[in-house]
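Take a look at the structure set out below.
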Amino acid sequence: MPCFDWGCTMKTYRTHYSKDVSAEEYNTVITVSGWVEDIRNLGSIAFVILRDRKGTSQITVFSKKTPELFKKLIDLPRESVISVQGVCKENSKVRNGYEIIPEELSVLSVAQTPLPLGVVDKVESELETRLDNRFIDLRKPDVQAIFTIRDNVIHAAHEYLRAQGFIEVHTPKIVASSSEGGTDVFRLKYFEKEAFLAQSPQLYKQSLMATGLDRVYEIAWYFRAEEHNTRRHLNESTAVDIEMAYIQSEEDVMHILEHLVHAMWRSAGECKAELETLGRSVAVPKVPFVRISYDEVITKLKGRGSGIIWGQDLGSEDEKLLGEIMKDAGTDFYFITRYPLASKPFYTMPEGGDHSRGFDLECKGIELASGSQRIHNVDLLTERMKACNLDPAAFETYLKAFRYGMPPHGGFGFGIERFLMELLDIGNVRECILFPRDRTRLSP
RNA sequence: GCCCCGGUAGUGUAGUGGCCUAUCAUGAAGCCCUGUCGAGGCUUCGACUUGGGUUCAAAUCCCAGCCGGGGCGCCA
């Protein structure tokens, strides 16, 4: 099958991707383009492996029949970009069943040597080296597969949320109010004023609940100036954020979240070729996910010897232990509900005395998302701000949205890189984003 | 913010005071080879993070810097 319908007869660099050649094309002239992955020169016959987006094809060239083409091809440095037109011949000796006998060759770009990073070398490079040369690193099929899957799951998120009546919004990333709590923010100069990079769309998406849009989602970047150096933190990351109005309780929000995760997980499962490249399989989780209250969590953890006391946040060890407990109970995914009010942000709806309507979604001991029913009463909201040592005056533009009619609402934030890390069992979150920003990395 | 660890050719490594003119692989350059597919064979090239110090002698030990990794805290 030809790769694109160009709608005209113009000469093109590519009539087929390597994977799209089938018996139909045998003994016809095709054009392929891509990177020279390898050249195996046997003297008077040479095999050039050409890599494109979908795989590789073999170009077989003979020194006696086509001496000029032979010389031109075998002298190319690896990773040069070429376009080859030639006859596609069936050949069972070749892995994908065919080879191309070239008639015309255009050298589109000659690669410098040596490469800073081998694409198909027999030695693995360190993540540091790979990220420094990400454009080459991304030529590796397994690295590329992560981003194809990423594209698929994000697409699935859009589809699911739209089907549920959510509309996509884009809120400012340069913001005036300082921290909504929880994390350090990047400061920047905004003409004569001080501004910050958004740590989340929280305040804006809540404000939108006062508009009648009712259900909004945003898939965007956010920025956190934490000086951590771990394999699961980024200073610039992406998230799926939603906010929905007229909810009865946080249960409505959790319902959307679990179905969203389910839809994304399922769409990843459909990326068969990429999963095979990565050597992974994904087991689509069953919905609904298990709900376990914070109080039950504490009881269970204590029962397994943890020294945690009520009111504390779960540390890494406790989260891991809980992951094991839940796995023994037959589930990787679980909501921790009814968190202590004190450990959740100011906008979280209180429940009873010390509890809240805040929840986290965890997967195997890693926090994937957190959300809650929010406070929609402005007096309570102001009171909670003060209790969290925040100055209501600094949040006046946010509070204003609550004074003129604000329905009950809730939402969540869901980290995309963390999700991919869990989904594909990747050891370092930096692998899940094209150009990671971490404690020390600002380029590329 | 606290704590731990590391830095050797383009890439990845061996080397814990003298046997280092630094190992091996991969790579690059060149030659041989008509069916390779981790091709094979031969030749060549290429490195001790920086600055001090200890010592007869430092890749190796000490101090400082630079660069990096990871754990905790916090979080997505």
Side-chain angles (χ1 to χ4, degrees), chain A residues 37-50 56-65 70 74-75 77-79 89 91-97 99 101 111-133 136-137 179-185 199-200 202 220-241 312-320 343-345 360-363 366-371 412-422 427-430 432-433 438-441:
Chain A
E37 186 170 285
D38 196 14
I39 299 167
R40 294 192 274 273
N41 177 11
L42 275 67
S44 47
I45 185 172
F47 306 100
V48 177
I49 307 303
L50 188 72
T56 59
S57 48
Q58 174 172 298
I59 292 143
T60 306
V61 65
F62 302 90
S63 68
K64 282 178 190 155
K65 288 183 206 163
F70 186 89
I74 63 159
D75 282 346
R78 297 196 306 169
E79 295 305 314
K89 296 264 192 199
N91 191 332
S92 57
K93 287 180 204 160
V94 188
R95 281 214 178 117
N96 29 3
E99 62 188 345
I101 312 300
Q112 270 186 36
T113 59
L115 297 165
L117 181 69
V119 177
V120 289
D121 286 6
K122 292 154 198 158
V123 288
E124 282 295 308
S125 303
E126 289 198 336
L127 187 56
E128 167 80 2
T129 311
R130 293 175 43 207
L131 293 176
D132 281 341
N133 302 282
I136 294 184
D137 186 48
S179 179
E180 68 205 46
T183 191
D184 289 329
V185 293
Q199 66 174 90
S200 87
Q202 184 64 34
W221 301 261
Y222 57 120
F223 310 91
R224 299 189 173 185
E226 296 284 344
E227 294 193 24
H228 33 221
N229 191 359
T230 79
R231 62 168 108 158
R232 58 186 195 289
H233 286 93
L234 292 165
N235 292 289
E236 178 182 63
S237 67
T238 54
V240 181
D241 264 274
Q312 278 182 339
D313 260 338
L314 272 56
S316 294
E317 293 251 315
D318 287 320
E319 277 195 309
K320 228 175 116 186
S343 65
K344 284 287 168 189
D360 283 356
L361 173 63
E362 305 239 340
C363 173
I366 298 270
E367 183 180 337
L368 281 186
S370 65
F412 60 76
F414 175 41
I416 292 171
E417 289 80 22
R418 283 258 179 109
F419 170 79
L420 284 167
M421 215 178 152
E422 282 311 306
N428 194 312
V429 72
R430 278 165 259 226
C432 299
I433 189 162
D438 62 31
R439 175 66 188 82
T440 53
R441 182 172 291 278

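Given the structure is predicted, the values throughout are model-derived calculations rather than measurements. In what follows, chains are A, B, ... by sequence order, proteins preceding strands, each numbered from 1.
Among G38(B), G12(B), A39(B), the nucleotide with an atom closest to any side-chain atom of T129(A) is G12(B). In this structure, of C75(B), G35(B), G70(B), it is G35(B) that holds the atom nearest to the side chain of T60(A). Here G71(B) is the nucleotide among A76(B), G71(B), U34(B) with the atom lying nearest to any side-chain atom of R231(A). Taking only side-chain atoms of E226(A), from C-beta outward, the nucleotide of G69(B), A76(B), G73(B) with the closest atom is G73(B). The side chain of V123(A) lies closest to A25(B), out of A25(B), G35(B), C72(B). Ranking C74(B), G27(B), G35(B) by closeness to the H233(A) side chain, first place goes to C74(B).
Protein atom CG of D438(A) is 13 Å distant from nucleotide atom C1' of C67(B), rounded to whole Å. Distance, E124(A) CD to G10(B) C1': 16 Å, rounded to whole Å. Atom CZ in R95(A) sits roughly 17 Å away from atom P in G35(B) (whole-Å rounding). Rounded to whole Å, atom P of U26(B) lies 6 Å from atom NZ of K122(A).
When the shell of 6.0 Å around CD of E124(A) is examined, it contains 12 or fewer heavy atoms from other residues, nucleotides or ligands.
Shown here, G1(B) forms a base pair with C72(B); the pair counts as Watson-Crick or G-U wobble because both key distances fall under 3.5 Å. Checking C61(B) for Watson-Crick or G-U wobble geometry (two distances, each under 3.5 Å) identifies G53(B) as its partner. Under the Watson-Crick or G-U wobble criterion, with both distances below 3.5 Å, G38(B) is left unpaired in every strand shown. A28(B) is paired with U44(B) under the criterion used here, namely a Watson-Crick or G-U wobble arrangement in which both key atom distances are under 3.5 Å. Base pairing annotation: C66(B) forms a Watson-Crick or G-U wobble pair with G7(B), both donor-acceptor distances under 3.5 Å. Under the Watson-Crick and G-U wobble criteria, each requiring two contacts below 3.5 Å, nucleotide C19(B) is left unpaired.
Heavy atoms of F414(A) sit nowhere under 4.0 angstrom from any nucleic acid atom. Base engagement by N91(A) is indicated by at least one non-hydrogen atom pair under 4.0 Å involving a base atom.
Taking the nucleotide of RNA chain B with the nearest heavy atom to each of Q58(A) and I366(A), the more 5' of the two is matched to Q58(A). Nearest-nucleotide positions on RNA chain B place R441(A) closer to the 5' end than the other of E317(A) and R441(A).
For the pair K65(A) and F62(A), the distance from NZ or CZ to the six-membered ring centre is under 6.0 Å and the angle to the ring normal is within 45 degrees.
Ring to ring, F414(A) and F419(A) are close: their centroids are under 6.0 angstrom apart.
S63(A) and G43(A) make their closest contact through OG-O, 4.1 Å (heavy atoms, listed as atom of the first residue, atom of the second, distance).
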